[in-house]
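Okay, so here's the structure we're looking at.
Residue numbers run from 1 in the order of the sequence given. When reading the values below, keep in mind they use all heavy atoms of this one structure, side chains included, and skip hydrogens, waters and symmetry mates.
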Amino acid sequence: MRSRSLTAVLAAAGVLLAATAAHADAGPGAPGIGDPYYPDYGNGGYDVAHYDLDLKYRPSDDRLDGTATITARATQDLTRFDLDFLLDVSSVTVDGRTARFTTSGAHELVITPAAVVRKGRPLTVVVRYSGVPSTKKYGDYVGWARTPDGAVAAQEPESAWWWFPSNDHPLDKATFDVEIAVPEGLQTISNGEPTGARTANGWTRYGWRETRPQATYLTTLAIGRFDVHRSRTKNGLPVITAYSPDLPADRAAAARQSVERTAEVVDWESKIFGPYPFTSLGGYVPNVTSHFALETQTRVFYSPYGFRNGPRPYLVVHENAHQWFGDSVSLSRWSDIWLNEGFATYAEWLWSEQHGEGTAAELARTAYDSYPADDPFWQVKPGDPGPGENQFADAVYDRGAMALQALRAKVGDRAFFTTLRTWASLKRYGNGTIPEFIALAERLSGQRLGALFQTWLYTPGRPAAPPQPTAATARPKSWSQIRQAHAALGTPNLRG
C-alpha cells in the first residue's frame with residue numbers, strides 16, 4: 001500500500017510539473033499581427049473563425065450599443081490577448097468567465113482571461129460595449145460617417161474599430177452574422193444575404209449573414225432610408241442594390257445606371273477570372289460627403305461623388321473585380337496592395353478591350369506616355385509603395401496595371417489568363433503575396449520573370465520602354481472614362 005501511494009504521489013507530482021512547465025511557456029499574444037506598414041494593426045495569439053454582432057443604433061445622437069461574440073482558436077498558450085477597438089467596453093467574458101480588460105495604445109483592447117487559454121483550444125469572447133462612434137478618433141481620422149438619417153461604416157485599411165472589436169487585419173478573415181436594431185422606418189445594408197427583419201415597440205431588427213471568409217475592413221454597415229432593389233444573376237445569385245432617396249437627382253440617376261449593371265459586370269468578369277466567389281452581390285450609394293468607393297465584400301460601397309459627371313461603368317468594373325482580387329484573395333500584408341489595385345485597374349482595361357473602346361495594350365501605352373519621365377509618379381514602387389498616402393498613389397493603379405500588360409506581352413494570352421484564373425482559384429478565400437504570384441506566373445509560363453517584375457514593380461523611375469512596345473496612337477475612347485472612374489475611386493481613410 002505504501003509503495004502504491006508513493007507511486008501515485010510521484011505521478012501526481014509529474015503531472016503538476018508538466019502543467020507548470022506548460023504554463024511557463026504561456027504568454028500574451030502580440031499587440032500586432034506583424035504587418036510592416038502597420039505594426040500595431042491586428043493581433044497575435046489567436047485566429048478568429050466567426051463574428052456574431054448584436055447591435056442597436058440610435059441616429060438622433062449617434063449612439064451605438066453592441067455585444068460582439070467572437071469565436072476563435074488560440075494559436076499559442078495565451079495569458080492575455082488584444083482586440084482592435086475604440087468604443088467604451090462595459091464587460092468581457094472568455095469562455096463564459098469574467099475577464100479583466102484595459103486599453104493600451106491608440107486602439108488596443110487588452111483582455112486577460114481568468115485562466116490560461118491553451119494552444120489549439122477554441123475560445124469564445126463576448127464583449128459588451130457602447131459609445132458614439134463619430135466622436136472617436138485615430139489621430140485626426142474618424143472612420144464612421146454620419147448621414148442625414150443614419151450612418152455608414154466603410155473605410156480602408158481600417159474601419160471595424162468604430163463599431164466592433166476585431167482582429168483587424170486581412171490575414172485573419174472570418175464569417176459574419178450582423179443583427180442590428182434601428183428605429184422603425186429605417187433600413188440597414190450589410191454584407192452577404194439578409195436573414196430577416198422584425199418590428200416591435202418602435203424598433204426594427206435586421207439580420208445579415210456572410211458565410212464566406214471576410215476581412216474586417218471589407219465588412220460594411222449602413223443605416224438609413226434606402227430604395228432597395230432585388231434581382232438575380234443569370235446563375236441565380238441574389239443581387240441587392242440600394243440608394244439613399246435624398247441623393248441629388250443627377251447623381252441618383254447616374255448611380256442607378258451604373259450600379260444596376262453589377263450583375264452584367266460580374267457575369268462578364270466570371271468568364272475571365274473564374275467563378276464568382278461569393279453567394280450574393282450588389283452595391284449601395286448612401287448620402288455621404290466622402291469621395292471614394294470601396295470593394296466591401298458582396299456589397300460595394302459607392303459615394304455619390306463618383307457619379308457627379310454621369311454614369312461610371314468602369315467604376316463598377318473596378319470594384320467588382322476586387323471581389324476576386326482583394327476580397328476572395330486578400331493581401332497578406334499591406335505592402336502587397338498591387339495585388340488588389342493593379343488587378344482591378346487591369347480589369348477596366350479588359351472591359352475597354354471587350355467593348356471596342358481601346359485595347360489593354362493601347363491603354364498601357366497611353367498611361368505610359370501620360371506621365372513624363374521626371375513625374376513623381378514614377379518614384380512610387382507599386383510592389384512596395386509605402387504606408388499612408390503612397391499606398392493608394394496613382395502608380396499603384398496605373399503602373400500596377402502596366403506591369404500586368406508587360407506580363408501579358410511577355411508570356412502570351414494563354415499563359416497570362418491562365419495565371420489570373422489559377423491565382424483566383426488557388427488562393428480562394430485566403431491570402432497571397434506578390435512573390436507567390438510571381439512564382440505562379442513563372443511556373444505556368446515556363447519563363448523567368450524576375451527582371452520584368454523588378455522593373456515594373458520595384459524600380460523607381462520610368463522604364464525605358466512601354467509595357468508592350470507599340471506605335472503611339474490616339475488616346476483610346478475609354479481613356480477619359482477610366483480617368484474619371486479613378487477620380488471616383490478616391491482615397492479612403494487618411495485620404496478623404
### Query
Ignoring hydrogens and geometry, is there a side-chain-to-backbone donor-acceptor pair from Trp338 to Gly400 under 3.5 Å?
yes

### Query
Does Lys136 offer a backbone N or O that forms a donor-acceptor pair with the side chain of Trp162 under 3.5 Å?
yes

#### Entry: The single option from Val317, Val316, Ile272 passing side chain to side chain contact (heavy atoms under 4.5 Å, CB included) against Trp351
Val317

### Between CZ on residue Phe278 and CD on residue Gln214, distance to nearest 0.5 Å
7.5 Å

### Task
Test ring pair (Phe, Tyr, Trp, His ring centres under 6.0 Å) on Trp334 and Tyr217 and set out the steps.
CA-CA 12 Å; Trp334 281 105; Tyr217 85 94; 5.1 Å; yes

### Query
Ion pair present between Arg333 and Asp35, side-chain N to carboxylate O less than 4.0 angstrom?
no

### Query
Relative to the ring of Tyr38, is the ring of Tyr41 parallel (under 30°), tilted (30 to 60°) or perpendicular (over 60°)?
parallel

### Message
Looking at Thr366 and Arg475, would you say the former's side chain and the latter's main chain have a donor-acceptor pair under 3.5 Å?
### Response
no

### Query
How many angstroms lie between CG in Asn431 and OG1 in Thr433, if you round to the nearest 0.5 Å?
10.0 Å

### Task
Would you kindly say whether Tyr276 and Asn235 are connected by a side-chain donor-acceptor distance under 3.5 Å?
no

### Query
Judged by atom type as modelled, is there a donor-acceptor pair below 3.5 Å linking the side chain of Glu210 to the main-chain atoms of Phe176?
no

### Query
Given Tyr314 and His486, is the ring pair (Phe, Tyr, Trp, His ring centres under 6.0 Å) satisfied, shown in steps?
CA-CA 9 Å; Tyr314 284 94; His486 281 208; 9.3 Å; no

## Note on the structure
Smallest heavy-atom separation, Val142 atom then Pro133 atom, equals CG1-O, 4.1 Å

### Straight-line distance of Ile438 CD1 to Thr419 OG1, nearest 0.5 Å
12.0 Å

### Query
Do you know which two heavy atoms are closest between Pro286 and Leu247, and how far apart they sit?
O-CD2, 3.8 Å

### Query
Using a distance-only test with no angle check, is there a side-chain donor-acceptor pair under 3.5 angstrom linking His50 and Asp177?
yes

### Query
Which atoms form the tightest heavy-atom contact between Tyr46 and Val48, and what is the distance?
CE1-CG2, 3.7 Å

### Query
So, does Arg365 use its side chain to make a donor-acceptor pair with the main chain of Glu362 at under 3.5 Å?
no

### Query
Mind checking what makes side-chain hydrogen bond (donor to acceptor under 3.5 Å, both in side chains) contact with Arg225, not counting sequence neighbours?
none

### Query
Which is it for Asp336 and Tyr37 under the side chain to side chain donor-acceptor pair (under 3.5 Å) test, yes or no, and what are the steps along the way?
CA-CA 10 Å; Asp336 292 317; Tyr37 282 9; over 6 Å; no

### Query
Can we call the ring centroids of Phe437 and Phe343 under 6.0 Å apart?
yes

### Message
Check for me whether Arg483 meets the cation-pi criterion with Trp479, that is, NZ or CZ under 6.0 Å from the six-membered ring centre and within 45 degrees of the ring axis.
### Response
yes

### Message
Quick check: closest heavy atoms across Arg399 and Thr455, and the distance to 0.1 Å?
### Response
NH2-O, 2.7 Å

### Query
Would Val266 and Thr233 count as a side-chain contact (heavy atoms from CB on, under 4.5 Å) if you check the C-alpha gap in whole Å, the side-chain angles of each, and the deciding distance to 0.1 Å?
CA-CA 9 Å; Val266 167; Thr233 65; 5.6 Å; no

### Query
With distance as the sole test, does Gln297 use its side chain to make a donor-acceptor pair with the main-chain N or O of Thr219 at under 3.5 Å?
no

### Query
Counting distance only, does the side-chain N/O of Thr296 pair as donor-acceptor with the main-chain N or O of Phe301 below 3.5 Å?
yes

### Message
For Tyr371 and Arg462: C-alpha separation, side-chain torsions, deciding distance, then whether side chain to side chain donor-acceptor pair (under 3.5 Å) applies.
### Response
CA-CA 9 Å; Tyr371 298 98; Arg462 189 186 191 188; over 6 Å; no

#### Entry: Gap separating the NZ atom of Lys427 from the OG atom of Ser332, nearest 0.5 angstrom
7.0 Å

### Task
Measure from the side-chain N and O atoms of Gln187 to the backbone N and O of Phe226, and report whether any donor-acceptor pair falls under 3.5 Å.
yes

### Nearest atoms (heavy-atom pairs only) where Arg308 meets Ala487
NH2-CB, 4.3 Å

### Query
How long is the span from the CH2 atom in Trp423 to the CZ atom in Arg428, to the nearest 0.5 Å?
15.0 Å

### Leu420 CG to Tyr346 OH distance, which is reported to the nearest 0.5 Å
8.0 Å

### Query
Can you check whether Gly192's main-chain N or O pairs, donor with acceptor, with Arg299's side chain at less than 3.5 Å?
yes

### Task
Report the C-alpha separation of Val239 and His229 in whole Å, then their side-chain angles, then the decisive distance to 0.1 Å, and conclude whether the side-chain contact (heavy atoms from CB on, under 4.5 Å) test is met.
CA-CA 8 Å; Val239 183; His229 294 188; over 6 Å; no

### Task
Would you mind reporting whether Arg312 and Tyr302 have side-chain heavy atoms less than 4.5 Å apart?
no

### Task
Indicate the ring-plane relationship of His107 and Trp161, choosing parallel, tilted or perpendicular according to the 30° and 60° boundaries.
parallel

### Task
Would you sort out whether Ile70 and Tyr51 count as a side-chain contact (heavy atoms from CB on, under 4.5 Å), showing the intermediate values?
CA-CA 5 Å; Ile70 302 169; Tyr51 293 93; 3.8 Å; yes

### Task
Establish, from distance only, whether the side-chain atoms of Thr216 and Asp168 form a donor-acceptor pair under 3.5 Å.
yes

### Query
Does any N or O in the side chain of Glu193 come within less than 3.5 Å of the main-chain N or O of Arg209, such that one atom is a donor and the other an acceptor?
no

### Message
One pair to check against side-chain contact (heavy atoms from CB on, under 4.5 Å): Trp349 and Leu404. What are the steps and the verdict?
### Response
CA-CA 11 Å; Trp349 294 7; Leu404 287 171; over 6 Å; no

### Query
Just checking, is any N or O donor in the side chain of Thr220 or Tyr284 under 3.5 Å from an acceptor N or O on the other one?
yes

### Query
With the threshold set at 4.0 Å, does a side-chain nitrogen-carboxylate oxygen contact exist between Lys173 and Asp327?
no

### Task
Starting from the C-alpha separation in whole Å, work towards a yes-or-no answer on ring pair (Phe, Tyr, Trp, His ring centres under 6.0 Å) for Tyr368 and Trp378.
CA-CA 10 Å; Tyr368 179 86; Trp378 295 108; 5.7 Å; yes

